[in-house]
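A short worksheet on the structure shown next.
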Amino acid sequence: QVQLVESGGGLVQVGGSLRLSCAASGQTLRIERMAWFRQAPGEERQWVAGRRWTGTGGTYYADSVKGRFTISRDNIQNMLYLQMNNLKPEDTAVYYCAADFRYAGTWHSEGEYNYWGQGTQVTVSS
């Protein structure tokens, strides 16, 4: 079992920045991949970014956030982060972190992730 707890959401103006955090606990040594997803009201949950939990490997982003968001990790503290810059109203959503025990998979497929946090609200005002 893995527990994930997100924090760092809030209200920010267009063009502003926020950093989301996701604290992982439990069987973190089994985690292979982690990702951020988001869900806006009335819409399906969509993948935002992903990366491997340990070792080398690239970072992956949805086209809508590429160049503005950065996913990073701290394996010592068991933390996953999402730095969000130049925020837009369309970034308004509940943001979730997710963990997968499998090494290989499809980054954007939410069905492949074993564990999810409760989400943190991000609201971008214009």
Side-chain angles (χ1 to χ4, degrees):
Q1 295 283 341
V2 169
Q3 293 76 44
L4 302 173
V5 179
E6 302 96 335
S7 61
L11 175 64
V12 64
Q13 292 187 331
V14 169
S17 298
L18 280 176
R19 189 176 82 153
L20 305 184
S21 300
C22 174
S25 60
Q27 296 180 307
T28 58
L29 292 179
R30 296 186 61 187
I31 298 174
E32 292 289 344
R33 305 187 301 150
M34 290 199 75
W36 287 96
F37 285 76
R38 67 186 181 186
Q39 187 169 22
E43 297 186 11
E44 294 185 351
R45 190 152 52 184
Q46 64 175 202
W47 172 74
V48 174
R51 71 165 303 147
R52 301 219 174 272
W53 183 234
T54 60
T56 60
T59 52
Y60 308 92
Y61 299 94
D63 288 342
S64 58
V65 306
K66 200 171 294 183
R68 300 187 297 123
F69 290 11
T70 302
I71 185 171
S72 62
R73 71 186 186 212
D74 180 341
N75 292 120
I76 303 298
Q77 301 292 329
N78 285 328
M79 297 292 292
L80 183 75
Y81 301 102
L82 185 68
Q83 177 66 43
M84 306 186 295
N85 298 328
N86 191 21
L87 284 161
K88 304 176 181 181
E90 52 264 41
D91 295 320
T92 296
V94 177
Y95 284 72
Y96 301 88
C97 65
D100 184 8
F101 286 172
R102 292 166 295 188
Y103 184 81
T106 305
W107 287 101
H108 63 267
S109 177
E110 64 174 292
E112 295 193 6
Y113 292 85
N114 307 102
Y115 298 97
W116 294 81
Q118 83 291 346
T120 185
Q121 175 71 47
V122 171
T123 303
V124 183
S125 65
S126 56

Check: Would you find more than 12 non-hydrogen atoms of other residues, nucleotides or ligands less than 6.0 Å from Glu90 atom CD?
Finding: yes

Next item on the list: Might you point out which heavy atoms bring Ser126 and Val14 nearest each other, and give the distance in Å?
Entry: CA-CG2, 3.5 Å

Check: Do you know which two heavy atoms are closest between Trp53 and Thr28, and how far apart they sit?
Finding: NE1-O, 3.5 Å

Note to self: Please enumerate all residues that pass ring pair (Phe, Tyr, Trp, His ring centres under 6.0 Å) together with Tyr103, with sequence neighbours excluded.
What the structure shows: none

Note to self: Between Glu110 and Glu44, does the side-chain contact (heavy atoms from CB on, under 4.5 Å) criterion hold? Intermediate values first, please.
What the structure shows: CA-CA 11 Å; Glu110 64 174 292; Glu44 294 185 351; 5.8 Å; no

Notebook entry, point to check: Which residue pairs satisfy the disulfide bond (SG atoms under 2.5 Å apart) criterion with at least one member in residues 48-92, sequence neighbours excluded?
Noted result: none

Margin query: Is the shortest side-chain heavy-atom distance between Arg73 and Arg51 below 4.5 Å?
Written below: yes

Check: Atom OG1 of Thr54 and atom CD of Glu32: how far apart are they, to the nearest 0.5 Å?
Finding: 5.5 Å

Check: Taking only residues two or more places apart in sequence, or in another chain, which ones meet Asp74 in a side chain to side chain donor-acceptor pair (under 3.5 Å)?
Finding: none

Next item on the list: For residues 53-66, pull every pair meeting salt bridge (charged side-chain N to carboxylate O under 4.0 Å, His left out), keeping only residues two or more places apart or in separate chains.
Entry: Asp63-Lys66

Note to self: Test of understanding: with ring pair (Phe, Tyr, Trp, His ring centres under 6.0 Å), list the residues that count as partners of Tyr81, not counting sequence neighbours.
What the structure shows: none

Checklist line | Taking every non-hydrogen atom, the tightest pair across Ser17 and Asn86 | finding: OG-N, 4.3 Å

Checklist line | Partners meeting side chain to side chain donor-acceptor pair (under 3.5 Å) with Thr123 (sequence neighbours left out) | finding: Gln121

Note to self: Using 0.5 Å steps for rounding, measure from the CG atom of Leu4 to the SG atom of Cys97.
What the structure shows: 4.5 Å

Next item on the list: Would you confirm whether Gln118, through its side chain, and Val5, through its main-chain N or O, come within 3.5 Å as a donor-acceptor pair?
Entry: no

Next item on the list: With the side chain counted from C-beta on, respond yes when Arg30 and Asn114 share a heavy-atom pair under 4.5 Å apart, and no when they do not.
Entry: no

Next item on the list: For side-chain contact (heavy atoms from CB on, under 4.5 Å), just list the numbers for Glu6 and Trp36, CA-CA rounded to whole Å, side-chain angles, deciding distance to a tenth of an Å, and then say yes or no.
Entry: CA-CA 10 Å; Glu6 302 96 335; Trp36 287 96; 3.9 Å; yes

Just distance, no hydrogens or angles: give the donor-acceptor pairs under 3.5 Å from side chains in residues 18-26, sequence neighbours left out.
from	atom 1	to	atom 2	distance (Å)
Ser25	OG	Gln3	OE1	3.4

Next item on the list: Can you see which heavy atom on Ile71 is nearest to which on Ala35, and at what distance?
Entry: CD1-CA, 4.5 Å

Checklist line | Pairwise distance CG(Asn78) to CG(Leu29) - rounded to 0.5 angstrom | finding: 8.0 Å

Note to self: What I'd like to find out is whether the side chain of Ile31 reaches to under 4.5 Å of the side chain of Tyr115, using heavy atoms alone.
What the structure shows: no

Next item on the list: Could you name each residue pair satisfying disulfide bond (SG atoms under 2.5 Å apart) that touches residues 24-60, not counting sequence neighbours?
Entry: none

Note to self: Could you check whether any side-chain N or O of Glu112 sits under 3.5 Å from a backbone N or O of Thr106, counting only pairs where one atom can act as donor and the other as acceptor?
What the structure shows: yes

Checklist line | Residues forming a side chain to side chain donor-acceptor pair (under 3.5 Å) with Tyr95, sequence neighbours excluded | finding: Arg38

Note to self: If you define the side chain from C-beta out and look only at heavy atoms, does anything of Thr120 sit under 4.5 Å from Ser7?
What the structure shows: no

Notebook entry, point to check: Who pairs with Arg102 by salt bridge (charged side-chain N to carboxylate O under 4.0 Å, His left out), at least two apart in sequence or on another chain?
Noted result: Asp100

Checklist line | Considering all heavy atoms, the nearest Thr70-Tyr61 contact | finding: CA-OH, 3.3 Å

Check: Which ILVMFWY residues can you reach from Trp107 by hopping between side chains whose heavy atoms are under 4.5 Å apart?
Finding: Phe37, Trp47, Tyr60, Val94, Tyr96, Tyr113, Trp116

Next item on the list: Scan for disulfide bond (SG atoms under 2.5 Å apart) pairs involving residues 38-77, sequence neighbours excluded, and state none if there are none.
Entry: none

Item checked: Side chain to side chain, Val122 and Met84, heavy atoms closer than 4.5 Å -> yes

